[in-house]
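Residues: numbered from 1 along the sequence shown.
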Amino acid sequence: MLTTTVIFLALESIAVSTLLYYYLHYKTRISLKYLFQDNVVVILLAFLLSYLLLLALPEEWSWFAFLVNAGLVGAIAFGITMIRFWRTPTRSCDAPAEHIISPADGNVIYIEKIAAGQVPISVKGHTLAKLEELTKTNILDGPCWLIGINMTPFDVHKNCAPVPGKVILNRHFNGKFLSLKDPNALKENERQTIVFDNNGMKVGIVQTASKLVKRIDTYVKEGDMLKRGEWVGMIRFGSQVDVIIPQKYNVKIKLKDQIYAGESVIAEL
């Protein structure tokens with residue numbers, strides 16, 4: 001009887017955890033690799049703890065181990081996700097100084113050409129947001145690239161400077177914390193726009209928050225001189241970072257690529 005119960009307990013751990021990670025893949029676009037990494041850790045830990053509980057319970061209370069097992073799967077998965085979310089990794093990039101690196105972890109969701117003088121439009125699904133604040137600098141005087149990076153709960157949520165240089169714009173826009181599925185989401189969600197000047201070459205990043213956000217933290221102010229890869233802020237439960245770079249650069253990434261802040265080269269001369 002105990003052997004049968006243990007088998008079913010193991011099957012429950014596998015089923016609940018795998019379904020959870022597949023759901024997260026479907027909802028947030030996390031990589032399927034987590035089905036073979038975090039998922040395995042969650043299954044083993046939840047099963048081991050539930051098995052120990054099962055051994056301590058009277059036989060008539062064995063059903064309680066199944067209930068606890070399901071809860072443990074969720075709790076352990078959440079704990080591992082939060083460790084990934086809040087971590088501050090040490091990143092480095094050996095690429096030449098003139099190369100532009102990614103300001104965010106995530107997957108590339110669009111790469112668009114922006115004509116000189118055209119105000120970029122940040123896109124998330126079917127929602128649009130005009131980034132009018134960029135007109136406060138001359139970053140739009142020439143043609144640009146607009147690159148969208150989708151951040152999942154498994155990505156580092158700190159963002160870094162894609163180039164070295166001076167912060168010439170740092171604007172915060174309060175939002176109403178709407179769901180990014182809402183038609184007005186990107187018009188009303190909280191966002192932070194930062195523009196860097198690297199010896200006359202301008203690069204901008206736009207951090208856009210999601211409905212669970214309490215705030216976007218910024219670590220820099222206008223006038224600060226930064227190194228490439230230096231952390232500039234964090235979106236608490238954020239969703240998207242857009243990058244605006246001059247079109248004279250060659251984009252080295254493609255749609256759906258997974259890229260990493262402070263490490264992945266996204267464009268070069």
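In this structure the side chain of Met201 never reaches within 4.5 angstrom of the side chain of Glu98, judged on heavy atoms. No side-chain heavy atom of Lys113 sits less than 4.5 Å from a side-chain heavy atom of Pro143. Side-chain atoms of Ile168 and Lys202, non-hydrogen and from C-beta on, do get closer than 4.5 Å to each other. Side-chain contact between Asp242 and Pro120: absent, with no pair of heavy atoms (C-beta onward) separated by less than 4.5 Å. Side chains of Pro162 and Ile205 form a contact here, defined as non-hydrogen atoms less than 4.5 Å apart. At a threshold of 4.5 Å between non-hydrogen side-chain atoms, the residues Ile101 and Glu263 do not count as touching. Two residues are said to be in side-chain contact when any heavy atoms from C-beta on lie closer than 4.5 Å; Leu169 and Thr193 meet this criterion. Counting heavy atoms from C-beta outward, Ile235 and Val241 have side chains that approach closer than 4.5 Å.
Between Cys93 and Gly262, the closest heavy-atom pair is CB-O, 3.7 Å. Smallest separation of non-hydrogen atoms from Ile139 and Gly204: CD1-N, 3.5 Å. Shortest non-hydrogen contact noted between Ala161 and Lys227 is CB-O, 3.7 Å. Shown here for Gly106 and Asp155, the closest heavy-atom pair between the two residues is CA-OD2, 3.5 Å. Closest non-hydrogen pair, Ile259 versus Ser102, comes out as CD1-OG, 3.5 Å. Contact record, Asn159 with Ala104: ND2-CB, 3.4 Å, taken as the closest heavy-atom pair.
The salt bridge (Lys or Arg N to Asp or Glu O under 4.0 Å) contacts involving residues 66-90 comprise Asp38-Arg84, where partners must be two or more places apart or lie in separate chains.
Taken together through direct or relayed side-chain contacts under 4.5 Å among Ile, Leu, Val, Met, Phe, Trp and Tyr, Leu53 and Leu67 form part of one hydrophobic cluster. Side-chain heavy atoms closer than 4.5 Å link hydrophobic residues (I, L, V, M, F, W, Y) into clusters, and following such links, even through other members, never connects Val265 to Tyr260. Connection of Val16 to Phe64 is established within a shared hydrophobic cluster, with ILVMFWY side chains joined at heavy-atom distances below 4.5 Å, either directly or through further cluster members. There is a path of hydrophobic side-chain contacts, each under 4.5 Å, that joins Phe196 to Leu269. Under the 4.5 Å side-chain heavy-atom criterion for ILVMFWY residues, no single connected hydrophobic cluster contains both Ile14 and Ile76.
Without hydrogens or angle criteria, Asn39 side chain to Phe36 main chain gives no donor-acceptor distance under 3.5 Å. Checked by atom type and distance alone, the side chain of Arg191 never pairs as donor or acceptor with a backbone atom of Leu131 at under 3.5 Å. Under the 3.5 Å distance criterion, the side-chain polar atoms of Arg91 are matched with a main-chain donor or acceptor of Ala261.
Atom CG of Asp105 sits about 7.0 Å away from atom CE of Met151, to the nearest 0.5 Å. One finds the OH atom of Tyr219 at 5.5 Å from the CG atom of Asp217 (value rounded to the nearest 0.5 Å). Ile253 CD1 to Trp145 CH2: the interatomic distance, rounded to the nearest 0.5 Å, is 10.5 Å. The CG atom of Asn170 sits 11.0 Å away from atom CD of Glu133, with the distance rounded to the nearest 0.5 Å. One distance of note links CD1 of Ile121 with OH of Tyr110; it measures 10.0 Å at 0.5 Å rounding. Here the CD-CZ distance, from Gln192 to Arg171, works out to 10.5 Å after rounding to the nearest 0.5 Å.
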**Message:** Pair Leu134, Val195 - check side-chain contact (heavy atoms from CB on, under 4.5 Å), show working.
**Reply:** CA-CA 8 Å; Leu134 294 172; Val195 177; 3.7 Å; yes
**Item:** Verdict with reasoning, Gln207 to Thr218, per side-chain contact (heavy atoms from CB on, under 4.5 Å)
**Value:** CA-CA 10 Å; Gln207 303 164 290; Thr218 183; 5.7 Å; no
**Request:** I would like to know whether Ile80 and Phe154 meet side-chain contact (heavy atoms from CB on, under 4.5 Å); could you show each step before the answer?
**Result:** CA-CA 9 Å; Ile80 293 175; Phe154 288 71; 5.7 Å; no
**Message:** Test side-chain contact (heavy atoms from CB on, under 4.5 Å) on Leu72 and Ser50; report intermediate values, then the result.
**Reply:** CA-CA 8 Å; Leu72 282 171; Ser50 300; 3.5 Å; yes
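Partner of Ile43 under the side chain to side chain contact (heavy atoms under 4.5 Å, CB included) criterion, chosen from Val73, Leu48, Thr18: Thr18.
Aromatic ring orientation, Tyr51 versus Phe47: parallel (interplanar angle below 30°, classes split at 30° and 60°).
Residue Tyr249 qualifies as enclosed at atom OH: its count of foreign heavy atoms under 6.0 Å is above 12. More than 12 heavy atoms of other residues, nucleotides or ligands shown are found within 6.0 angstrom of CG on Asn250.
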